[in-house]
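Following: one structure in structure tokens, then a few remarks.
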Amino acid sequence: MTEFLIKNGHVYDPANGIFGDLMEIAVKDGIIVNPSELSPNPKVIDAGGGIVAPGGIDIHSHIAGPKVNTGRLIKPEDHIGTCKPASNGLRSQVGRSVPNVFKIGYGYAIMGYTTVAEAASPPLEARHTHEEMNDIPIIDKLTYIIADSNWLLLDYLVDGRGDLIEAYVAWLLRATKGYGIKIVDPGADWAWLHGKGMGIDIDYELPEYGISPKDILLGLGEAVEHLKLPHPIHVHCNRLGYPGNYETTLKTIELSNKYSKGLERPAMHVTHTQFTGYKGDSWITLGSGGEDIAKEVERTDSSVDLGQLVFGPTITMTADAPFEFVLYHLERGKWSFADIEAETSAGIVPYVYRKRNYVNTVQWCIGLEVALLVRDPWKVYITTDHPNAGPFTKYPEIMALLMSKKMREDFMKDLNQVALGRASLPSISRELSLEEIMIMMRASPARLLGMKFKGHLGEGAQADIAIYDLNPEKVDVHHDYEEVIKAFSRAKYTLKDGEIVVKDGEIVRELYGTTFYTDPKVPEDSIREVEKGLKEKFPKYYSISLSNYVIGEDELRKGRVVS
Amino acid sequence: MIAKQTLSLLLNTGRTIKQGISMEAEGKLSEAYADAVARIELNEDDMKALGITDGSLVEVISKEGSIKIRAFRSKEVKRGHAYVPMGPWANMIVDPQTMSLGMPNYKYTIINVRPSEGKPTSLIEILAHYNAIIPTEIEDIELRGGSQKVYEYMVCPFCGELCDHLKLEVVGNEIKKVIGGCANSVSKLRNYHKHRILRPLIREGGHFREVSLEEALRRAARILSSAKYPLLFGWSSTVNEAIRVGVELAEILRGVIDNTSVVCHGPTALGAQDVGTARSTLGIIRHKADYIVIWGSNPSASHQNHFSLWIFSRGKWIKGRKNRKVVVIDVRETPAARLADELVRVEPGKDYELITALRMAVRDLDIELPSVAGVPTETIYRLADEMKSAKYGVIFEGMGITMTGAKHRNVEELIKLAHDLNEWTRFVLIPMRGHYNVTGSDNVFLWTTGYPFGIDFSRGYPRMVPGVTTAPDLLMRGEVDAALIISSDPVAHFPKRAVEHLSKIPVITIDPKWSLTATISDVIIPSGIVGVECGGTAYRLDDVPLRIKSILPPPPGVLCDDEILRRLLEMVKEYRNEGGRKRGEGYS
Amino acid sequence: MVVYYVRPKEKFQVPVECRYLRPDKFSGKSLEEIYEFIAYEGGVKRKLGDLFDIEGPSSPSLNPEDIELRIKDAEKIRYLGYRMTSGTLIVEGDVGSLAGYRMRGGNLIIEGNAGSWLGARMRGGNVEVKGSAGDFIGAAFVGDKPGYGMRKGKILVRGDAGSNIGAGMKSGAIIVLGNASHLIGAHMVGGSIFIGGNAGKFVGARAQGGKIVIGGKVDGLLPSFYIDDVVNKAKVKEYKLEKEFLLFRGDSVVDGKARLYIARDANPEISSLKDLLVAEV
């Protein structure tokens with residue numbers, strides 16, 4: 001197999017305490033090894049003084065599944081003018097905010113990303129998510145499974161049997177080949193089935209069940225901690241999109257301390273916090289709750305990702321169906337929704353973020369504020385909740401904004417000045433360092449996902465490596481932001497499992513990555529009790545048979561368990 | 001004196017139960033199939049005016065041509081209308097005009113009918129028109145005995161319902177019993193072994209010659225690689241694993257890939273492109289839907305388990321049929337209408353007006369006319385009120401919506417009606433998708449190309465323009481120079497003009513059975529039957545993905561679709577790498 | 001004026017596409033250079049010189065407005081006149097789909113019949129078809145927001161036309177002297193459409209603005225259009241009909257303010273239904 005020796009690179013390996021040292025990295029048989037293990041005269045990759053880092057890891061992106069495909073269907077205008085013909089063994093690429101599978105895989109790899117998490121799969125249609133993921137080239141994938149409005153789970157929560165909740169969660173993850181548990185506006189989709197659910201708060205009493213979103217959060221949080229799943233509950237807070245919702249976010253984050261078991265990773269991850277960080281009581285008085293959220297994150301066993309806004313046309317897609325109903329009314333354009341029996345719902349609405357728009361400018365500020373105000377870079381992640389707040393192709397821009405106050409100032413010139421007048425962002429002078437960015441985009445995500453073999457360049461790590469044409473000794477990242485964006489938009493090299501897949505920003509080799517899932521262990525008798533319950537209830541709740549619900553390992557192109 | 005004259009009528013074509021069953025059981029070359037589809041159903045009074053009785057021969061003439069078939073009276077057909085089951089006879093006269101949407105006017109052709117003498121038009125005559133070769137011997141797979149095996153929770157490979165509760169009793173390689181399946185399902189599965197293509201064939205002179213799979217694939221690869229603009233069509237009756245290879249093949253060939261949506265629910269996809277969707281999975285309907293509208297669809301013929309599974313059944317909140325109101329909106333009293341609480345008769349081709357009026361009623365706008373599209377205004381207001389006060393409503397829409405009048409704009413407006421109703425309650429629209437994996441096919445096309453059907457790769461990347469890159473239009477304008485037809489039968493189901501062009505270009509057919517398209521093909525490659533011999537992923541009409549299992553091996557030498565396509569793709573790649581035959585030079 | 005004669009070397013079996021077959025692209029180019037332009041024959045990348053014989057001036061003309069291209073046997077040519085800005089393009093016979101797509105200026109004259117999507121997403125210029133044309137004239141593409149159709153310019157069809165004419169148009173004028181089919185002006189936001197003959201069903205479906213004049217018979221009207229007035233003439237540009245028209249406004253399901261002029265003489269049923277209301281008006 002192939003062997004490489006990467007030379008002349010400034011290595012950033014935060015997990016192993018390396019921040020820009022000039023050192024060699026050796027790759028053999030898809031793994032990072034000690035250079036002494038290579039045969040004499042290995043192939044050399046000259047990093048030319050550039051940055052050598054572990055491949056990027058995106059912990060929250062909508063890249064595969066029924067929502068994404070519906071997005072493609074209802075936004076054909078997204079495909080025109082954004083195409084690249086098939087050539088040299090590569091497939092054709094289409095789309096900007098909802099690209100086709102090939103553009104997604106190539107697009108991430110070109111930026112030096114090698115692992116992406118599909119943020120939300122409805123269990124009944126998880127097979128669809130896996131089919132699309134099977135067709136996404138290069139990157140490794142995993143998916144979180146939506147659980148909060150799941151009828152079987154709600155039944156167990158009401159019964160209060162923690163052991164059965166755990167056993168069912170374990171069963172569900174195994175059946176759907178999922179990686180973690182996703183909670184989306186907990187309980188809202190259940191209420192939406194009855195035409196309610198808009199803007200519910202965590203103490204809301206769910207119809208018929210009587211329990212609250214808070215109960216769902218605690219019940220699932222506990223279960224996931226007990227099961228020691230590699231990834232914590234991944235939470236899209238209640239009241240997303242509503243002015244004043246930052247309070248709900250604070251109440252949600254606070255819960256993490258209640259059930260935390262002090263594992264190596266946080267007990268709760270709150271996602272796209274920009275969308276749930278609004279102060280004010282109306283759109284006109286919208287303000288940023290970024291500071292308060294930053295403080296709460298630091299105080300608790302939690303983490304957040306930004307959901308950073310990017311101006312321009314895009315499409316929103318989420319399992320928060322009631323919110324999308326509200327957004328449809330604001331936009332009065334296209335709208336798609338889907339109710340998935342016994343489990344969840346979804347909503348999709350194309351949207352345009354405008355620079356001169358007051359609300360959009362406030363939203364843009366919030367994401368950046370959270371990133372700059374949370375002092376610990378191990379607790380914050382850069383995402384755009386692709387495509388909800390913007391396309392993933394804009395990550396380099398966001399990195400640059402966080403590292404350069406100058407860029408922020410230049411950028412803010414075109415935005416809504418009234419909004420800026422009320423925001424804290426203009427007065428924040430902190431600039432993240434390259435080290436902090438590397439933590440946020442590589443080492444820390446691996447930890448959040450519980451993947452010890454990713455996100456670092458130590459011996460034994462998966463050889464997913466990105467090399468960027470940016471010499472940190474020669475370029476001032478806080479000032480020359482255009483260089484930063486250019487370098488991180490097109491990797492000099494991307495290696496996937498030890499193979500060169502990208503060279504000078506072009507795909508040079510197509511291969512297919514691994515789909516990761518988890519298979520937690522539970523006591524035998526709990527499993528038996530859950531299986532008995534399923535035999536009785538599943539046919540009542542679902543319109544397909546239980547045996548057809550379960551996804552086999554053979555259905556994944558390349559599956560691997562992580563525990 | 002018996003009055004004899006020519007009557008001008010409006011022709012509707014579509015499925016019938018007999019058409020579906022005979023197609024699967026006896027095959028399209030059989031007497032039973034001809035009996036089922038070579039017929040015209042007329043209103044009793046119209047028959048009297050023509051001076052004919054049941055079984056009389058009539059000549060049916062349209063702008064496209066004429067056929068002679070037997071006439072039978074039907075209570076379901078109104079005066080001034082006629083019904084011919086879908087098939088090659090209907091397609092000799094059907095109006096091919098697609099309104100640039102890819103969808104011919106299957107349900108709306110102006111015809112003249114007059115009594116005739118002589119013999120009915122035979123299938124042989126029709127096929128001769130297309131220069132077909134009818135096989136002299138059609139084989140079945142030899143059934144042999146063996147141990148009995150029972151397979152449970154099997155997924156049926158017939159229609160979009162994708163019932164997954166089937167229990168199959170198999171003895172040796174014979175499927176003895178299909179428990180839980182509808183008549184179409186039983187017909188397909190129990191007759192899986194009949195009229196099969198068992199060996200690859202190449203057309204030479206006036207007959208088919210048996211060849212090795214290798215030779216057939218090579219010939220097919222050569223035909224496709226030398227074509228400048230090949231069409232890859234079908235895809236709805238095979239699994240996703242095969243479809244994704246098809247997309248790669250079309251891309252490398254720089255041709256067009258299209259599926260049967262184009263003549264089925266393509267307009268539904270086009271409507272969604274314009275306004276969005278409003279959907280739910282079928283389980284929700286069973287649990288919660290207390291108001292069910294069936295518009296332009298006759299599930300009693302096309303989706304026979306539909307009523308029992310979702311409407312008669314008990315759900316979490318709805319205790320059964322009694323707790324639901326079922327309204328059928330259609331141009332005639334279909335068998336489905338007889339199972340409903342109310343039939344709303346709409347004027348043919350005018351559904352769009354009725355949908356608009358319903359939207360107006362939901363929004364409390366004044367309808368200043370006594371009736372719209374043949375429906376009294378008070379009825380419209382009442383229906384709107386009922387919909388608004390429902391707890392959860394669903395509109396099942398079918399070919400009556402997609403094939404007539406405003407076509408895709410009918411669907412748009414229905415989706416908007418559902419959207420409007422969501423201000424008051426919850427309401428969804430579910431398309432009654434026909435083939436068992438047409439939904440999967442649309443989905444695979446979408447995630448690989450961004451479009452649901454009609455995808456052109458001539459510039460190396462996907463483009464789709466309805467009426468320009470859609471199969472029926474391409475064929476009717478004679479714009480493609482080779483075709484690969486897989487798991488579908490355009491010779492039986494496309495209008496004459498399209499089939500005429502298909503018969504002039506080199507055609508490769510991949511099919512388990514003797515379709516009519518096989519009879520005009522230049523290369524025929526047999527494949528295994530999905531659901532019996534081959535398995536893979538398919539999507540139900542509500543987008544729920546299921547895994548179809550296989551229980552028996554395909555006949556010796558016969559592979560499954562995905563394997564055939566993979567080999568074909570490899571050969572095409574080789575052909576192009578080696579330089580092979582220069583494109584445009586044709587093949588010999 | 002400088003004329004180029006463009007003739008296919010052989011009859012085309014598959015669609016041909018050449019985005020450079022336009023007067024403004026020929027301007028300043030020698031014939032040798034023109035022969036090198038990229039064209040597609042089906043999915044095969046070719047050069048213009050492989051597919052066509054071109055007769056033209058020995059030295060290139062520098063003023064595109066002076067250039068006239070005459071093309072024959074163009075029934076299978078798609079996207080002819082793609083984004084052209086100036087000059088004259090004359091088709092001696094029929095032309096394929098998408099002629100005049102995103103045209104910005106100049107003249108496109110088709111002496112025979114045109115296919116569908118004529119002048120789709122047009123932004124300026126002048127199109128004339130002496131024969132008939134297909135569907136989606138001057139239209140937006142499926143999925144486009146209403147208003148992304150024709151925005152400027154004029155399309156004249158002397159013969160008949162198809163359905164969905166002016167779908168999603170924003171401005172400009174479309175004139176069909178013969179008969180047309182269903183869904184005239186669907187989703188239109190502005191602009192004017194004139195149909196001299198008959199139109200089919202569902203005229204003005206979901207139109208938000210603009211003007212539609214139907215000189216002949218319509219096959220029913222949407223209930224969402226309300227009668228507003230009776231006028232004694234209607235016109236689009238210089239195409240005028242001096243007779244009584246019923247003026248409707250709609251489409252009310254989208255709070256539309258489009259104006260629909262329906263000829264009174266050709267539509268007695270609609271007139272009689274509206275007589276009561278007309279009396280009020």
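Convention: sequence-line order gives letters A, B, ...; per-chain numbering from 1.
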Looking at B:K167, I want to see if its NZ is surrounded by more than 12 non-hydrogen atoms of other residues, nucleotides or ligands under 6.0 Å.
no
Under 4.5 Å from a heavy atom of chain A, the part of B:W310 involved
side chain
Residue A:V101 versus chain B: region with a heavy atom under 4.5 Å
both
Is chain B contacted by the side chain of A:S345, its backbone, both, or neither, given a heavy-atom distance below 4.5 Å?
neither
Turns out that what part of B:F457 lies under 4.5 Å from chain A's heavy atoms comes down to side chain
A:N548 to B:Y153 - nearest heavy-atom pair and separation
ND2-O, 3.5 Å
Quick check on the interface: out of B:G276, B:A418, B:A272, who has the most heavy-atom pairs with chain A under 4.5 Å?
B:G276
Within 6.0 angstrom of A:D554 CG, more than 12 heavy atoms from elsewhere
yes
Per-residue contact mode, A:E343 against chain B (heavy atom under 4.5 angstrom):
neither
If you tally heavy-atom pairs under 4.5 Å between each of B:R459, B:K549, B:H419, B:E241 and chain A, the highest tally belongs to B:H419
So what's closer than 4.5 Å to chain A heavy atoms on B:P462: side chain, backbone, both or neither?
both
Considering only heavy atoms and a distance below 4.5 Å, find which of A:K540, A:E131, A:E132, A:K75 pairs most often with chain B.
A:E131
Measure the CG-OH distance between B:D164 and A:Y542 for me, rounded to the nearest 0.5 Å.
13.5 Å
Cut-off 4.5 Å, heavy atoms of chain A, and the answer for B:E152 is neither
For chain B, which residues from residues 79-87 of chain A lie under 4.5 Å away (heavy-atom distances)?
A:H79, A:I80, A:C83, A:K84, A:P85, A:A86
Atom CG in B:L446, atom CD1 in A:I74: separation rounded to 0.5 Å?
11.0 Å
Side chain, backbone, both or neither: which part of B:V275 has a non-hydrogen atom closer than 4.5 Å to chain A?
backbone
What pair of heavy atoms forms the shortest contact from A:L73 to B:A269, and how long is it?
CD1-O, 4.0 Å
Might you point out which heavy atoms bring A:I340 and B:I284 nearest each other, and give the distance in Å?
C-CD1, 4.1 Å
Where do A:S92 and B:G460 come nearest, in terms of heavy atoms and distance?
CB-O, 3.2 Å
Chain A contact via B:V155 - which portion, at a heavy-atom distance below 4.5 Å:
side chain
Tell me, side chain or backbone of A:F337 under 4.5 Å from chain B's heavy atoms, or both, or neither?
both
Contact origin within A:W151 toward chain B - heavy atom pairs under 4.5 Å:
side chain
Would you please classify the geometry between the B:H287 ring and the A:Y541 ring as parallel, tilted or perpendicular, with 30° and 60° separating the classes?
perpendicular
So what's closer than 4.5 Å to chain B heavy atoms on A:S545: side chain, backbone, both or neither?
both
How are the rings of A:H194 and B:W317 set relative to one another: parallel (under 30°), tilted (30 to 60°) or perpendicular (over 60°)?
perpendicular
Comparing B:H165, B:K316, B:E248 against chain A, the one with the most heavy-atom pairs below 4.5 Å turns out to be B:E248
Engaged part of B:R314 at the chain A interface, taking heavy atoms whose separation is under 4.5 Å:
neither
Checking B:R547 side chain against A:I551 main chain: does a donor-acceptor pair fall under 3.5 Å?
no
For the candidates B:L282, B:V544, B:T448, B:D543, which exhibits the highest count of non-hydrogen atom pairs separated by less than 4.5 Å from chain A?
B:T448
Sort out for me which of A:E555, A:E77, A:K334, A:R91 touches chain B most, counting heavy-atom pairs under 4.5 Å.
A:R91
Below 4.5 Å from any heavy atom of chain A, which atoms of B:F427 appear? Answer side chain, backbone, both or neither.
backbone
Contacting region of B:N422 [heavy-atom separation from chain A under 4.5 Å]
both
Do the side chain of B:S280 and the main chain of A:D339 share a donor and acceptor less than 3.5 angstrom apart?
no
In this structure, CG of B:L546 is separated from CZ of A:R127 (nearest 0.5 Å) by 6.5 Å
Nearest 0.5 angstrom please: B:T281 OG1 to A:E125 CD, how far?
7.0 Å
Tell me if the CZ atom of A:R96 is crowded by more than 12 foreign heavy atoms within 6.0 Å.
no
Chain B contact via A:P76 - side chain, backbone, both or neither, heavy atoms under 4.5 Å:
both
Toward chain B, the part of A:H329 with a non-hydrogen atom under 4.5 Å:
side chain
Chain A heavy atoms under 4.5 Å from B:T425: which part of the residue, side chain, backbone, both or neither?
neither
B:K391, NZ: over 12 other non-hydrogen atoms inside 6.0 angstrom
no
A:P539 and B:R286 have their tightest heavy-atom pair at O-NH1, 4.3 Å
Is B:E251 in contact with chain A via its backbone, its side chain, both, or neither, using a 4.5 Å heavy-atom distance?
side chain
Distance, nearest 0.5 Å, that separates NE2 of A:H130 from OG1 of B:T537:
11.5 Å
Would A:S543 and B:R540 satisfy side chain to side chain donor-acceptor pair (under 3.5 Å), going step by step from the backbone distance to the final call?
CA-CA 11 Å; A:S543 62; B:R540 200 166 68 176; 2.8 Å; yes
Of all heavy-atom pairs between A:L193 and B:R426, which one has the smallest distance, and what is that distance?
O-CG, 3.7 Å
Hey, could you give me the CZ/CZ distance between A:R72 and B:F445, rounded to the nearest 0.5 Å?
14.5 Å
Of A:N69, A:D135, A:N100, which is the lone residue that meets side chain to side chain donor-acceptor pair (under 3.5 Å) with B:W447?
A:D135
